[in-house]
There are 2 protein chains.
Amino acid sequence: MDAEPRAEGHERVAIRVHHWLRTELMRSRFRPGEKLKLRTLAEELGVSLTPVREALARLVSENALEQIDHRSARVPVLSDERLREVCELRIDLEGKAAERAAERASSADADRLAAIHARMTEARLEGRMQDMMIENERFHMATCALADMPVLLRIVEGLWLQCGPLNFALKQMRFLHKPEEHPHNAVIRAMRERDPTLARLAMQRDIAVYSDALLRRLPEINVTARA
Amino acid sequence: MDAEPRAEGHERVAIRVHHWLRTELMRSRFRPGEKLKLRTLAEELGVSLTPVREALARLVSENALEQIDHRSARVPVLSDERLREVCELRIDLEGKAAERAAERASSADADRLAAIHARMTEARLEGRMQDMMIENERFHMATCALADMPVLLRIVEGLWLQCGPLNFALKQMRFLHKPEEHPHNAVIRAMRERDPTLARLAMQRDIAVYSDALLRRLPEINVTARA
DNA sequence: GCGCGGAATATGTGATAACAAAATTCGGAC
DNA sequence: GTCCGAATTTTGTTATCACATATTCCGCGC
């Protein structure tokens, strides 16, 4: 099977599993509280236990999974306090990232952000909520990446991952903003105008609105998680 | 329901290795750029490759190690920019933690911090720099723990771990403060007086002084790392 | 002496097996 | 019918093995 003998194709299996699990968590395939079983995952992916184990260990270290009873790993059930904390940290850290990004972004960078946001809006209008969420994530990660702070970027990715399993709650969520008032637009404008403070405030408002909506839904999420 | 079913005796080997490596990294046993070899570590600890592999994978996920050429793991060589970033994030995040801690700390908590700082001062006066560093770490972690923000605590632990390999540079470092002016004292006072702003500023000053000292030393550190 | 190439060694990866602990199922006593 | 305990099954952990690739080392030719 050397379709790609040396190219991108032959990543390590453990890395592939890790990426796959990350994505599935982001797509809310697993519910909060669900236990992830080694042999089940290994069979589904057609690999042995070893790389699956490594991937799970990494996700535990990233706080994307929770080690329960010193043995199995499960998707964390976020308490109200914990979700509040994650959101608060996102507000601080993504706010800082947006601020820094606005100091450094070129107009081409701003265009890229605008393109992502356009795809996100399109998906939202067509009711493809899954795609909308993916583009939303892209928007935030792209903004963070513009700050050119790799350590911060990894931390923010970790925070997103912790909220990932909750995203399915947003699938039925009403529109949070009128399209023309969406905070992302202000973020993009701030990039073009090199206005760090505006960028920070707009990003923080975006996250705050998202957080409030999620926190209101948390009780019903954790009820369904119990089942 | 035993008193302590699996308390001390048989922790998982992989966890033990992970803790051990964390500690060794903090104690600067490994130099920046050093490659960590599976079989060497396994032999030293008297275990097989599997748990060592898992521990290394976790440390890579925690940014405490760096995956090089998609195969081996090595202790990261921090660039000037990267060290600056880590320190900047520490100033933000530990500042916030100290602020929050000051809102919630009891006077018993303040006593505990004072005790840690006293041990640190004692170690410093006696020239036991290694012990001093350990107590310094304890002081910062204990303060963060008082903030009652577990997610933040894990992030800060990760940032410390990234600086860990550099700590050996501080062994010969001159005193950064006169004992009575040490910022830790101001932090403790802020806890007693419930003064969040003072707590944040004092903690930030402490980290800033440390950071500047470390940044000045970075060139020579990275030279020795090359060897 | 220098560079090159191949062999020997070192090193990491993934699969499998043996084992231990936990969860589940089943059967019998009441 | 219910509850308790033993047997069975499930599940996670570690060690070992086979293999692929990277690195080192040595000898040969120039």
Side-chain angles (χ1 to χ4, degrees), chain A residues 1-21 24 30-31 33-62 64-77 226-227, chain B residues 1-22 24 30-31 33-62 64-76 226-227:
Chain A
M1 54 184 70
D2 1 15
E4 288 174 307
R6 212 143 241 292
E8 306 299 323
H10 77 307
E11 243 174 349
R12 287 199 313 138
V13 179
I15 303 287
R16 215 172 57 223
V17 176
H18 180 245
H19 279 30
W20 181 82
L21 276 168
E24 294 299 311
F30 307 106
R31 293 293 177 82
E34 185 172 348
K35 252 202 313 198
L36 268 52
K37 292 178 189 174
L38 240 38
R39 283 171 174 86
T40 311
L41 295 170
E43 194 184 3
E44 172 164 356
L45 294 171
V47 300
S48 81
L49 302 186
T50 316
V52 179
R53 239 177 86 69
E54 180 179 325
L56 289 184
R58 296 180 77 134
L59 288 166
V60 169
S61 270
E62 293 165 19
L65 295 177
E66 199 176 35
Q67 194 100 29
I68 201 63
D69 70 35
H70 293 283
R71 296 198 155 264
S72 357
R74 71 170 193 187
V75 181
V77 181
R226 227 173 292 271
Chain B
M1 216 60 83
D2 321 281
E4 285 178 313
R6 54 189 136 278
E8 288 298 324
H10 53 309
E11 230 176 358
R12 284 181 35 198
V13 180
I15 304 286
R16 212 173 57 222
V17 176
H18 181 245
H19 279 29
W20 181 82
L21 275 169
R22 261 183 96 100
E24 293 300 310
F30 307 105
R31 293 294 177 82
E34 184 171 349
K35 254 201 314 196
L36 267 53
K37 291 175 191 174
L38 241 37
R39 283 171 173 84
T40 310
L41 295 170
E43 194 184 3
E44 172 163 358
L45 294 171
V47 300
S48 82
L49 302 185
T50 315
V52 179
R53 243 172 81 70
E54 178 179 327
L56 289 184
R58 295 181 75 138
L59 289 166
V60 168
S61 270
E62 294 164 20
L65 295 176
E66 199 176 37
Q67 193 98 29
I68 202 63
D69 69 36
H70 293 283
R71 296 200 155 265
S72 356
R74 71 170 193 186
V75 181
R226 226 174 293 271

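The chains referred to below are lettered A, B, ... by the order of the sequence lines, with proteins before strands, and numbering in each begins at 1.
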Distance in angstrom units between A:L38 CG and C:dG14 P, rounded: 14 Å

Donor/acceptor link under 3.5 angstrom from A:R53 side chain onto base of D:dG12: no

Nucleotide C:dT11, atom P - distance to NZ of B:K35 in whole Å: 8 Å

Whole-Å gap separating P (C:dT11) and CD (B:E43): 11 Å

First of A:K37 and B:R71 reached from the 5' end of DNA chain D, by closest nucleotide: A:K37

Distance test, side-chain N/O of A:S48 to OP1/OP2 of C:dG14, below 4.0 Å: no

Integer-rounded Å distance: D:dA15 C1' and B:R39 CZ: 13 Å

NE2-CZ distance between A:H19 and A:R58, expressed to the nearest 0.5 angstrom: 9.0 Å

Closest-nucleotide 5' rank along DNA chain C - winner of B:L36 and A:L49: B:L36

A:R53 side, atom CZ; A:T50 side, atom OG1 - distance, nearest 0.5 Å: 8.5 Å

For atom CZ of A:R74 and atom P of C:dA23, their distance in whole Å: 13 Å

From CG (B:L59) to CZ (B:R22), nearest 0.5 Å: 7.5 Å

Spacing of A:R12 atom CZ relative to D:dT21 atom P, expressed in whole Å: 14 Å

Distance in Å, A:L49 CG paired with A:E43 CD, rounded so as to fall on 0.5 Å steps: 10.5 Å

Candidates C:dG14, C:dA23, C:dG12 - which lies nearest the side chain of A:T50: C:dG14

